[in-house]
J.: 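Got a structure here, written out as structure tokens. Questions coming.
Atom set for the values below is all heavy atoms of this structure, side chains included, hydrogens, waters and symmetry mates excluded. A note on names: the letters A, B, ... follow the listed sequences, proteins ahead of strands, and every chain is numbered from 1.
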Protein chains: 2
Amino acid sequence: MRKYDLVKIFKALADHTRQEILSLLSKEEMNVTDICSGFKTSQPTISHHLQILRNCDLIDQRRDGKNIYYCVRQEIINDVFGTVVRKMRIKVEIRKK
Amino acid sequence: MRKYDLVKIFKALADHTRQEILSLLSKEEMNVTDICSGFKTSQPTISHHLQILRNCDLIDQRRDGKNIYYCVRQEIINDVFGTVVRKMRIKVEIRKK
DNA sequence: TTCTCATATAGACATATTTATATTTGTCTA
DNA sequence: TAGACAAATATAAATATGTCTATATGAGAA
């Protein structure tokens, strides 16, 4: 089982803008311009946040012509949170319908 | 359902010392002196980290004479991670025996 | 009350983080 | 190839964080 740097990952998650970006990307892949349109923040700042998320493998990217599309790496997120939940003896409730 | 400040909570979790403290406290309650003995860090620094953890309700404290004992607030942690897991559509694997 | 132990608070300092503006790189199209 | 557009990188400023030493507070013991 792969080893994760939990400090790095929690740091990446510890920012409102990055939480929002992850939330957007968890629904569909998006390019930087599209992501930017949801924020007051400048494009270089959003790019910077994307690099931080990419740096701990929470998101992935692919180029399509001029655009670069980002998406959540769901398998990594599942894995990381699985590790944390077991390590901290967390009981996660089943969601009500 | 109670509202949590996830930025604050992830910030609190995004530090190696605090992760270690939580790990220790998840096994048994401890006072500051005992916690300190497991670290190279100074007592005021450990106290500072405890304040940060307490500030987002991840731990609780009780005084017993000269000592102050700290413990994990497991119900809060379960609740927070439950929220995150649902919000981010995370699938947590069942632990193998 | 005075001493001592346990813990918290204050202040200072170095480093890290967030954000912006300016610029560069990469890719398509005319 | 030149121009336009998408995105990344460089640099700098403001703010936040982690850590220390020194000091204060709080509680039991003498």
Side-chain angles (χ1 to χ4, degrees), chain A residues 4-25 27-73 80, chain B residues 4-25 27-73 80:
Chain A
Y4 296 106
D5 183 340
L6 287 183
V7 170
K8 205 170 170 187
I9 289 171
F10 282 128
K11 255 183 192 149
L13 295 170
D15 179 271
H16 182 67
T17 303
R18 289 193 292 269
Q19 286 181 12
E20 288 285 310
I21 290 173
L22 279 179
S23 172
L24 285 173
L25 294 181
K27 286 165 208 147
E28 51 175 339
E29 67 169 12
M30 294 172 82
N31 65 13
V32 179
T33 307
D34 291 341
I35 296 169
C36 283
S37 72
F39 296 90
K40 290 166 278 182
T41 318
S42 70
Q43 173 267 315
T45 299
I46 297 294
S47 273
H48 178 238
H49 286 307
L50 288 168
Q51 292 321 303
I52 289 171
L53 290 169
R54 217 162 74 84
N55 208 246
C56 55
D57 298 318
L58 292 179
I59 62 175
D60 210 348
Q61 67 184 187
R62 70 175 179 86
R63 182 180 274 276
D64 179 15
K66 282 186 295 185
N67 299 285
I68 294 177
Y69 287 90
Y70 287 89
C71 66
V72 165
R73 294 188 63 176
V80 165
Chain B
Y4 297 105
D5 183 341
L6 286 183
V7 170
K8 205 170 171 187
I9 288 171
F10 282 129
K11 258 185 190 148
L13 294 170
D15 178 273
H16 181 68
T17 303
R18 290 194 290 269
Q19 286 181 12
E20 288 285 309
I21 291 172
L22 278 179
S23 172
L24 285 172
L25 294 181
K27 286 164 206 145
E28 52 175 341
E29 66 168 14
M30 294 173 81
N31 65 15
V32 179
T33 307
D34 290 341
I35 295 169
C36 283
S37 71
F39 296 89
K40 291 167 277 182
T41 318
S42 70
Q43 173 268 314
T45 299
I46 297 294
S47 272
H48 178 237
H49 286 306
L50 288 168
Q51 292 322 303
I52 289 170
L53 290 170
R54 216 162 74 84
N55 208 246
C56 54
D57 297 317
L58 293 178
I59 61 175
D60 211 348
Q61 69 184 183
R62 70 176 178 85
R63 183 178 274 277
D64 178 15
K66 282 187 293 186
N67 300 285
I68 293 176
Y69 287 91
Y70 285 89
C71 65
V72 165
R73 295 189 64 175
V80 166

J.: Does the side chain of B:I46 come within less than 4.5 Å of B:C36's, by heavy atoms?
T.: yes
J.: Calculate the interatomic distance between B:F39 atom CZ and D:dT19 atom P; express it in whole Å.
T.: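 Atom CZ in B:F39 sits about 10 Å away from atom P in D:dT19.
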J.: Less than 4.5 Å apart, any side-chain heavy atom of A:C71 and any of A:D60?
T.: yes
J.: Contact list please: residues 8-25 of chain A against DNA chain C, heavy atoms, distance less than 4.0 Å, in numerical order.
T.: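 Contacts with DNA chain C under 4.0 Å: A:K11, A:D15, A:R18.
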J.: Are B:I52 and B:R54 packed together at the side-chain level, in the sense that at least one heavy-atom pair is separated by less than 4.5 angstrom?
T.: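 No, too far: nothing below the 4.5 Å cut-off.
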J.: Are B:L24 and B:M30 close enough that some pair of their side-chain heavy atoms sits under 4.5 Å apart?
T.: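 They are in side-chain contact.
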J.: Is it the case that the side chains of B:Y70 and B:Q61 hold a donor-acceptor pair, with the cut-off being a distance below 3.5 Å and no angle test?
T.: yes
J.: Please give me every residue in residues 42-58 of chain B whose heavy atoms get under 4.0 Å of an atom in DNA chain D, ordered by residue number.
T.: B:S42, B:P44, B:T45, B:H48, B:H49, B:I52
J.: Looking at D:dA8, I'd like to know if its phosphate oxygens (OP1 or OP2) sit under 4.0 Å from a side-chain N or O belonging to A:Y70.
T.: yes
J.: Does the side chain of B:R18 come within less than 4.5 Å of B:L13's, by heavy atoms?
T.: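 Counting from C-beta outward, B:L13 and B:R18 never come under 4.5 Å.
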J.: Can you find a pair of side-chain heavy atoms, one from B:L58 and one from B:V72, that are under 4.5 Å apart?
T.: no
J.: Does the side chain of B:Q43 pick up a donor-acceptor pair with the side chain of B:S47 at under 3.5 Å?
T.: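 Yes, B:S47 and B:Q43 have a side-chain donor paired with an acceptor closer than 3.5 Å.
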J.: Looking at DNA chain D, which of residues 61-69 of chain A put a heavy atom within less than 4.0 Å of it?
T.: A:Q61, A:K66, A:N67, A:I68
J.: Check whether any side-chain heavy atom of B:Y4 sits under 4.5 Å from a side-chain heavy atom of B:D57, and report yes or no.
T.: no
J.: Any side-chain heavy-atom pair from B:R62 and B:E29 closer than 4.5 angstrom?
T.: yes
